Every structure is written in C-alpha cells, then in structure tokens.
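First listed ligand is number 1; within each ligand, the first listed atom is number 1. Since this is a predicted model, take the numbers as computed values, not measurements. Values below: all heavy atoms of this structure, side chains included; hydrogens, waters and symmetry mates excluded.
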Amino acid sequence: MNLMRVALDVPLATLFDYEVPDLLELQPGDRVVVPFGARTRVGIAIETAQHSEVSPEKLKPVARVLRDAPRLSRQWLEFMRFLAAYYQRPLGETVVHALPPRLRSLRPLPKAIRQCAPLPPSGTRFVARHTLTPAQTEAVSRMRAALGRFQVFLLHGVTGSGKTEVYFRLIAEMLARGAQALVLVPEIGLTPQLESRVREAFPQTHVAVLHSALEDVPRTAAWLSAARGDAGIVLGTRLAVLAPLPRLGLVVVDEEHDGSFKQQEGLRYSGRDAAVARAKLDGCPVVLGTATPSLESWQNGLAGRYETLSIPERAVPGARLPQVRTVDLRVEGEQHGFAPSAIAAIGQRLARAEQSLVFINRRGYAPVLACDACGWAAGCERCSTRLVLHAADRRLRCHHCGAEAPIPRACPTCGNLDLHALGRGTQRVEETLGTLFPQARVLRIDSDSARRRHEHARRLEGIHRGEGDILVGTQLLAKGHDFPALTLVCVLNADSALFSTDYRAAERLFATLSQVAGRAGRRETPGEVLVQTRFPQHPLFAALVRHDYAGFAAAQLAEREAAGFPPFMFEAALRAEARKLDAALEFLRQAARAVAAREDVIVYDPVPHVITRRAGAERAQLLMQSASRPALQEHLRALSEHLYAVHAPGLHWHLDVDPIEFD
Ligand code: ADP
Ligand code: ZN
Ligand code: ZN
C-alpha cells in the first residue's frame, strides 16, 4: 500500500497519513483533498511513507489531487520545514498558511484566473534612469560578482543615496540570466511610488505584487504567476518571501531594519531573516538595504558574516544630507507644542513656497482626556491604557484594542463639566498649525487618514507634486517617500523614547529620525531638520546631528554586549494570556519547570506585560536567552513538545522567537 504524509492546517504538530489509491498520480508538493473527521480539507502532500502508526482499517484514502496550481517544489518544502522548526509552529499550519487563502479552500479557482491564458515569456528590457555614481557603481560590481551563489550584502546607503537604482541593476542582470527577483518592502500599499518605478524600469517584465491587503483574485493570480515562474519580479511585503519561486536568483530586502517585517501572529517569522534563510537554500545572493541597519545586521557585517557596502552620499548631483539641529526646549520654551524657532522656520518656508513636515509620532487629537478637579482620566475598560481623544469625530479610542466611546459631557466621577485634553497628537498639531498659519494648506497623514487607500494615494501624489504647505504626519510619512519641495522637518516629541525600558527604543528612534530627516532637501535646495528636545546633549542626538550611524551603532552595541542583549544573545519569549494574570503566570511557571534546565540557556521568571490588560485579557511572558542559537533551539523544541501536549482551557499562549516587541 502506498502512503502519503499530508500537512493540514489543524492546531496539532503532526502530519497525517493517508492511503494513495493505485491510480492516483501523487507526489510530495501536490495539493490534495482529504477526509478529516466529518469534513474534507485541503492539505499538502509532504512525503511518502512505508508504514503508518495508524491501523490499516482506520487509514483513509486521499480523495483527489488539485492540479490548478503548480506542484510545490522540494526546495520550497525544505524552506517551509526550516521555518516551522525555527519558529516552533506545526508544519501543516506553516505550509497551508503560506498559500493565498483561495488555494487553502475547496472552492475552485475563480473563472477570471482559470480562463486567463498562460502569459507570454516575460521580457527583460531595462530602462536605466541615471548614470550610476561611483559609489553606486562600486556597490553593483561587488554584488554582481556574487550572483549565482549565496551571499548576504548589507547595503548601507544614506537616505537618497540611490539604493533603488542599485537594486535595479542587479535585477536587470538576473532577469537577463532568466532568473526571478524577489523584492521585499515593509508596507507596499503605502508606497505606491516604488511599484511604478519598478514597472517603468522593467516595461516588459511581469511584475507580481503580493501583500495581504489584496483582494482574493489579484492575490491568487499574483501568487500563481510567481509560482509558475511567469513573473520576473515579485514585489511584496513580508508574506511574499513565502511564495514559491522556481527560478529565484536574487532577493532584495529594502528598509531591512523595519519592524513591520516581523509577523506578529501565527508563524511569527521575520521576513528579513526568512529571506536570508531562503537565499541560502536557493543558493543566491540577498541584499539588505537601509540607511540605518538593524543592529543585528550591522553586527553581522562587523563579524564578517555579511559584506557591508556603503553609499555615504546622496545620488542627485548637488543634493546634500540635511542640516540637523536640536532645539533646546528648556531654553526656548514652547507654545502649543512648538518652540519659537520652529515656528519661525516654518514661516520662512511658507514665504519661499517650500514645504515643511511636522513629525509627531502619535495619532489622534490628544493622548489623554482628564479632569483637573478629581484627577480622573479616560481609560480603556478592556486594557490597562488610556483612551486617545479623536476630536474630529468626537470619539475616544483605544489604540491597543480598538474600543471606542463617546466623549463624556462631564467627569464620570465628580461631575465636573470642564474636561481637558492633555498632550497632543497629529490632529491637535494640525489644528494648532491652522491657527498659527491661517493662510497655509495643512495636510495630515497618519494611519487614520490612510484608512481610505485611494484617498491616501491621491494625497501622497498631491504632496509629491508640491500640494500642501505644511504636512503633519507620523511614521507613515517617514518611509520611502520622495517629496521634492520639502525642505524643513520639525520633530516634536522625540524625548519619550530616550528613557524607555525597551532596549530597542533608542535604535528605533534613531532609525525613525534618520528616515524623517531624510525626507528633507532631496533636491538642490538644502534641507533643515529641527529636533525639539529637553536633552540636546543626549548622545543619540549628537550622532544624529553628525549623520553618524556607525558611531551610534558602536555605542549601542557596546551597551547591548555589556547588558547581555541581542545581537549578542538570542531570545525567545513564551507569552500567555488569560482572564486573570495569576493563571497566565502560573501557566508560564509550569512550562518553565517542565523543561530540563541547561547551563547554556537562561530562563527568567515570568513577568506581567508592561500593558498587562489588553482587549480584556491579562498577559504575562517568560523570557529565554542564550548565547548559542542551537542551544536555544533545542530548549524551545523541548518546550514546544510540552506546550502542545498540555491542556489549558481559557488560556492562550504563543512562542515568539527573536521577539522585537515587548508591550
Ligand atoms: P534611496 O532609496 O537610497 O533613499 P532612491 O533610490 O530613492 O534613494 O534615490 C533617491 C533619488 O536619487 C531619486 O530621485 C533617484 O531618481 C535619484 N538618483 C538615484 N541614482 C541617481 C544617479 N546615479 N544620478 C542622479 N540621480 C540619481
Ligand atoms: Zn472629576
Ligand atoms: Zn483597549
């Protein structure tokens, strides 16, 4: 009897054995329909087997094989095995979730896809936009030498240094050799400029765009064209790294430091790290590009595991890095959140018809609505956080669980009618700027304004053409945009991250501020960046003013090494949530005891999360550390075995390997 082990998306860490009917042509990598309990399910054939633990009379046959998508290759299955093992998730869940939702279901492919004829071969014509600068040329030729084998390059190029042009040259080279290129970006829907640049540079090439916000049909179609090898370029967010690419020859990870490459549910993979693992399996080079490398990648460069290539200057002739200055709030004071010199600088730009950007990393109107009389402050009923005031639609919103409430007319504890908005977010800053500069057009860009995608894209294009005098925005505006008329950036509240308990806060702040600063002066007009702070002497700002990433990184790495943090230690967190904190803590304690202690893995005591309650659940976590990745992996395997075996009703847990957030 022929047997096949099949991966199914059920929360069990095993494969399932099925009988293969004699006449059925079935190979590992095929999608199959199998009976499971009272239902049928779509699964993926993983490996043939000689015998089964299941008794013969209980073994069921595979019902049929689905041939509407290409067979998944051994190499791809190998990659899935790696991910499942590394991130401690069942192989079935990993494999099935790597498919677009449509291909996990029993529904046949939509007509629009079934009827489309196979694409003609993709052309490889490349339209160069610029003659490369010497630094770009040098980077390209170093990387070109590695095409055809595995190597990791860290392309450290300041903002505006023309990293995209460098990627394009390598992509062109690979396309000409008949290979596919995979380009990963943090958030694609929000940076439509890149997609059009790719299409302009490669006018004959099929470009498959993959991200989770796509509708069913375009997503399935893009995935299929990647998997069939029709698409020469696959451009997408982290999930694109999971697409089958039969002719993969180059991987690019743009803005590799960006936290959104990390998936925060299910298979908690890092798109960047997965890209490196994939390139290794496929034997091709991978380019990690950024102006502010993650300390992990930078350290890998210092240790010689990655080859670091630098582009220290901007590509556009005459464009220089902006002048960064701190504005000492202790000396200048502030009015409605602005230092007088910041207001003056914005006024100057208005007079010269140039754009300014005011950066504040908090959306909404104000982070707190409070009563002066009794000290009450509006809090979320389901989380241990405050509700954020959104003045435009007169609502209070929780930015952690999404709960909403109307603004109370009076203080619920003392009846005081005079409630105050404390602190400020983008909406309030927008209002203040409207009052200070009534003749100016103020445009706000944050995730509230970006909710309507088309409107958002239109607004960005408008800004690009020079519409809007003053832009107010969060991180969303910091990423990748190229606004030619922008010459001034004001950063409002950078200080809170300086003294955070999260050891990654400084790294993130430096990256964010470099990104925002990088928006200014991308053409001939020099840019200026004003950072309002009460701590102008802080080394982070000193490094920022000098555009000295390497100096900043050296100081951070020394601190991390002394304190025993990544990248010198590897980490994993086991997190649990329950109705009551005690239950979560107790679950973690038991899990810690269930695995034999070992000298090379440190297991800390379980602690509550900083924001303990979220969406009605109370949360705690157990941190594990080791200087050896294999040791930590072995420990986690033993821990997983225990976790998948225990029955803990009312309790949710997950493991996060290489966690980056600890809220
Ligand atoms: P980065 O991704 O490094 O921030 P981009 O690739 O977006 O930079 O390039 C920044 C700007 O410089 C773009 O407007 C691009 O067209 C331009 N540019 C890139 N390379 C060159 C070059 N060799 N000569 C002139 N302009 C260039
Ligand atoms: Zn009150
Ligand atoms: Zn909440």
Side-chain angles (χ1 to χ4, degrees), residues 127-140 155-169 171 183 185-186 191 193-194 196-198 200-201 252-256 258 287-292 309-322 369-388 396-405 408-420 464 478-484 486 514-524 611-619 663:
V127 183
R129 194 145 62 137
H130 305 284
T131 316
L132 296 185
T133 63
Q136 284 172 318
T137 308
E138 168 72 13
V140 170
L155 179 60
H156 174 219
V158 297
T159 53
S161 60
K163 295 184 284 295
T164 315
E165 290 303 308
V166 172
Y167 308 149
F168 283 3
R169 299 293 159 127
I171 293 170
V183 181
V185 293
T191 51
Q193 280 175 36
L194 182 63
S196 53
R197 276 173 79 180
V198 170
E200 266 166 40
V252 172
V253 183
D254 192 27
E255 310 290 355
E256 67 90 25
D258 198 295
V287 183
L288 311 178
T290 174
T292 49
L309 303 169
S310 294
I311 315 184
E313 257 133 46
R314 288 193 157 175
V316 173
R320 264 163 297 133
L321 285 171
L369 180 71
C371 167
D372 279 350
C374 75
W376 170 86
C380 178
E381 285 178 10
R382 310 171 67 215
C383 306
S384 36
T385 55
R386 304 243 186 268
L387 292 173
V388 176
L396 294 169
R397 289 209 177 90
C398 174
H399 286 188
H400 293 272
C401 74
E404 289 197 21
R409 257 192 297 145
C411 172
T413 53
C414 76
N416 175 12
L417 287 172
D418 195 17
L419 297 176
H420 282 285
H464 189 76
K479 283 180 189 168
H481 297 291
D482 193 358
F483 302 132
L486 187 74
S514 305
Q515 289 288 331
V516 218
R519 298 312 109 206
R522 309 229 336 156
R523 294 295 185 274
E524 292 73 13
I611 297 171
T612 306
R613 262 171 73 76
R614 194 176 68 185
E618 303 201 323
R619 313 177 302 155
D663 67 336

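Partner of Cys380 under the side-chain contact (heavy atoms from CB on, under 4.5 Å) criterion, out of Thr385, Val388, Leu396: Thr385 alone.
Put simply, the side chain of Thr290 never gets that close to the backbone of Glu256: no donor and acceptor are under 3.5 Å apart. Between the side chain of Lys163 and the backbone N or O of Gly289 there is no donor-acceptor pair closer than 3.5 Å. Without hydrogens or angle criteria, His156 side chain to Ala291 main chain gives a donor-acceptor distance under 3.5 Å. For the pair Gln136 (side chain) and Gly162 (backbone), a donor-acceptor distance under 3.5 Å is present. Side chain of Ser384 to backbone of Arg613: a donor-acceptor contact under 3.5 angstrom is found.
Proximity of Thr131 to ligand 1, defined as any heavy-atom pair under 4.0 Å, is confined to the backbone N, CA, C and O atoms. At a heavy-atom distance under 4.0 Å, atoms from both the backbone and the side chain of Thr164 approach ligand 1. Contacts between Leu132 and ligand 1, counted as non-hydrogen atom pairs separated by less than 4.0 Å, involve the backbone only.
Of all atoms in ligand 1, numbered sequentially from 1 with element shown, those under 4.0 Å from a heavy atom of Thr133 are 23 (N). Those atoms of ligand 1 that come under 4.0 Å of a heavy atom in Glu165, given as number and element, are 19 (C), 20 (N). Near Thr159, with a cut-off below 4.0 Å to any heavy atom, the atoms of ligand 1 are 4 (O). When each atom of ligand 1 is checked for a heavy atom of Gly162 under 4.0 Å away, the hits are 1 (P), 3 (O), 5 (P), 6 (O), 8 (O), 9 (O), 19 (C).
Distances from atom 27 (C) of ligand 1 to the heavy atoms of Gln515, Arg129, His130 put His130 nearest. When Arg197, Arg314, Arg519 are ranked by how near their heavy atoms come to atom 7 (O) of ligand 1, first place goes to Arg197.
Annotation for Arg314: atom CZ counts as buried by contact number, over 12 foreign heavy atoms lying within 6.0 Å. Around atom CD of Glu404, more than 12 heavy atoms belonging to other residues, nucleotides or ligands sit under 6.0 Å away.
Centred on the Zn ion (ligand 2), the SG atom of Cys371 and the SG atom of Cys374 lie at an angle of 110°, reported to 10°. To the nearest 10 degrees, the Zn ion (ligand 2) sees SG of Cys411 and SG of Cys414 at an angle of 110°.
Among the backbone and side-chain atoms of Cys401, an N/O/S atom is found under 2.8 Å from the Zn ion (ligand 3). Put simply, Cys383 gets within reach of the Zn ion (ligand 3), with an N, O or S atom under 2.8 Å from it.
The shell of residues lying under 4.0 angstrom from ligand 1, judged by heavy atoms, excludes Gly157.
For the pair Val166/Ile311, a side-chain contact is recorded, criterion being any heavy-atom separation below 4.5 Å from C-beta on.
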